**Student:** 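Take this structure, written in structure tokens, and hold onto it; I'll ask about it next.
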Amino acid sequence: MEQNAVKHLNQVYKRYASFRGDFRKCIYEYEDEGEFIIAWTVMLDEYNLHANELLQGIYALKEKLFAAYRKQTFSGCMNSTQLSESLNSELKDYLQSDYNLVQFFKHYDREIEDKRYNELQDTCDASQRLPVLKAKMPILFHVREVYTPNIFSKFQDEYMKSLIIIVNGCEENNFPIIYKVSKYGHTREHIVKVTEADHISCTCMKFESMGILCCHAIRILDVIRGVDKIPDEYILKRWTKIAKAVNIKEIDGQDIEIKDSKLIIVNRYRILCPIFVRMAAKASETDESYKLAATCVNELSARLKQIMEVTAPSLHTTGSTRDLPEESNDRDLLSRAKSFKKKDNTKRLKKRINTSLEANSKSKKARGKKSDSINQDDLQLIIELKLISEIVSTRIQQEMRTFFTILI
């Protein structure tokens, strides 16, 4: 939207340096509908743009474009055009307009693999790294254990803002109890309501639009309860570290049986890894806890070694050699080194120069091979096109399973 405005209102941008800021405020900053309408009217009057067709079309779609109308709809704090713009920019890095159908699927699969790799990288970082706390408060310790790093960072910013929120008044004659709050040094007030069932809501509607509590609600919760943790009703599972810890079901509701042994091992690792990371973080705080953890780890390692020898001796012998003695490692390296092939250092004799007759015969053979390769390429293309249907059907099944999993 801003790019279209710059394109069609280029003269206005050049003539008035303040127009960009006023236009952006109308899009993103005004949370109240009345404030937005007043600011929009003032902007049109100041820059004499009442007859502009572009701004008239934008205002006709104000419910979909401006923050004052979008706060009641859950969007994960994503703008209406942000999803399509990011998707278009990412597709341009992988796809081109002159690709045929086979090339399109190849590059599209490559983009999906990169997306899944980035997702796995974020999941790994979330399980092995703890975000830094800006203040050592119990509620932040609790949230760090629950939320993903990105959502934790956003919530921590809201919590730090809540420290400068002032309660200006309270109406507690009957339910809902109404609190008037404002930021220190600002006159703009927000209304926070608390029902009889202790449900809290704010006029900024950050929880409804993004799924995390705003600084105003956090301040009131602290005033009412002095909470050390967020109530479960204000924690969306989609923002937690266990968002994917669900059983995938078939269309008929039956659980999908996992037969891949590697996938089972990965799932076990995903569950155990954050447990040991949190344990290591707690054990490293004091010398006594560190010694206790080290002793328990040695005992646990010995028991695991016994279990592996009994249940899976092949895995124990063919696995990593990190715990083996140095002598056995040296022998293994020596045996592998002996198995390498030696390069042939004998010098090759120079070839004689071919005659014109031999050169012509070789060129004819090359042309024949080229035609054969072209036929082989056509055959390969036909085979790949036949596989497209299988790829598409598989992709549709995966998407349908994901869709029904979300519904469940």
Side-chain angles (χ1 to χ4, degrees), residues 119-163 212-213 215 218-219 221-222 224-246 262-313 315-317 319-326 328-329:
E119 184 178 0
L120 290 174
Q121 186 68 37
D122 292 339
T123 304
C124 180
D125 293 340
S127 62
Q128 297 186 5
R129 300 177 183 177
L130 293 176
V132 179
L133 297 177
K134 295 182 180 179
K136 292 186 177 181
M137 303 298 295
I139 190 172
L140 293 182
F141 281 103
H142 169 248
V143 172
R144 185 173 65 174
E145 297 293 333
V146 176
Y147 281 145
T148 61
N150 291 334
I151 300 301
F152 168 75
S153 177
K154 294 181 183 298
F155 180 86
Q156 186 170 223
D157 292 340
E158 291 296 324
Y159 179 81
M160 300 306 294
K161 293 178 183 178
S162 69
L163 300 179
I212 63 173
L213 290 175
C215 56
I218 296 173
R219 175 58 177 160
L221 281 176
D222 187 52
I224 297 174
R225 307 178 185 178
V227 291
D228 295 337
K229 59 184 296 186
I230 303 178
D232 295 337
E233 59 181 308
Y234 302 112
I235 299 178
L236 297 187
K237 187 175 181 180
R238 67 186 305 157
W239 299 143
T240 62
K241 297 179 180 180
I242 60 171
K244 293 184 178 180
V246 294
K262 293 183 179 179
L263 185 59
I264 296 175
I265 294 174
V266 171
N267 189 35
R268 293 170 183 167
Y269 177 83
R270 182 177 58 83
I271 295 173
L272 291 175
C273 188
I275 297 175
F276 283 99
V277 169
R278 290 193 295 268
M279 188 181 301
K282 294 179 181 179
S284 61
E285 293 180 356
T286 62
D287 185 63
E288 184 179 359
S289 61
Y290 168 75
K291 292 180 180 179
L292 175 62
T295 303
C296 295
V297 166
N298 292 331
E299 296 177 357
L300 180 61
S301 178
R303 294 185 61 183
L304 288 175
K305 187 175 181 180
Q306 295 175 358
I307 293 174
M308 293 298 295
E309 289 177 349
V310 174
T311 59
L315 291 177
H316 179 72
T317 55
S320 175
T321 60
R322 183 179 301 173
D323 298 329
L324 298 178
E326 295 182 358
S328 62
N329 287 336

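Throughout, numbering of the chain's residues begins at 1 and tracks the sequence. What you are looking at is a predicted structure, and each value in this text was computed from that prediction instead of being measured.
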**Student:** Checking the side chain of Ser301 only, and the main-chain atoms of Asn298 only, is there a donor and an acceptor separated by less than 3.5 Å?
**Tutor:**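 A pair under 3.5 Å: no.
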**Student:** Got a list of side-chain donor-acceptor pairs under 3.5 Å for residues 129-144, not counting sequence neighbours?
**Tutor:**
unit_1 : atom_1 : unit_2 : atom_2 : d
Lys134 : NZ     : Asp157 : OD1    : 2.8
His142 : ND1    : Ile230 : N      : 3.4
Arg144 : NH1    : Pro131 : O      : 3.0

**Student:** Please check this pair: side chain of Ser153 against backbone of Asn150, looking for a donor-acceptor N/O pair closer than 3.5 Å.
**Tutor:** no
**Student:** What distance separates Thr148 OG1 from Asp122 CG, expressed to the nearest 0.5 Å?
**Tutor:**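 Between Thr148 OG1 and Asp122 CG, I get 9.0 Å after rounding to 0.5 Å.
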**Student:** For residues Tyr147 and Tyr234, report the shortest heavy-atom separation together with the two atoms involved.
**Tutor:**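 In terms of heavy atoms, the two residues are closest at OH-O, 3.6 Å.
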**Student:** Could you tell me whether a side-chain N or O of Ser162 sits under 3.5 Å from a main-chain N or O of Cys215, the two making a donor and an acceptor?
**Tutor:**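 No; judged by distance alone, with no hydrogens or angles, the pair does not exist.
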**Student:** So, do Phe276 and Leu272 sit near enough that their side-chain heavy atoms are less than 4.5 Å apart?
**Tutor:**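 Counting from C-beta outward, Phe276 and Leu272 do come under 4.5 Å.
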**Student:** Could you measure the distance from the CD1 atom of Ile212 to the NZ atom of Lys154? Nearest 0.5 Å is fine.
**Tutor:**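 If we round to the nearest 0.5 Å, Ile212:CD1 and Lys154:NZ are 7.0 Å apart.
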**Student:** Going from CZ on Phe152 to OG1 on Thr240, what distance comes out if it is rounded to the nearest 0.5 angstrom?
**Tutor:**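 Reported to 0.5 Å precision, the distance equals 15.0 Å.
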**Student:** Within the supplied structure, the quantity of interest is the number of heavy atoms (other residues, nucleotides, ligands) at a distance under 6.0 Å from Glu288 CD; does it exceed 12?
**Tutor:** no
**Student:** Which value, rounded to the nearest 0.5 Å, describes the distance between Ile218 atom CD1 and Tyr159 atom OH?
**Tutor:**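 Answer rounded to 0.5 Å: 8.5 Å.
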**Student:** Check Ser284 against Ser289 and note the closest heavy-atom contact, atom names and distance.
**Tutor:** N-OG, 4.5 Å
**Student:** Applying side-chain contact (heavy atoms from CB on, under 4.5 Å), run through Arg219 and Asp222 and close with a yes or a no.
**Tutor:** CA-CA 5 Å; Arg219 175 58 177 160; Asp222 187 52; 3.8 Å; yes
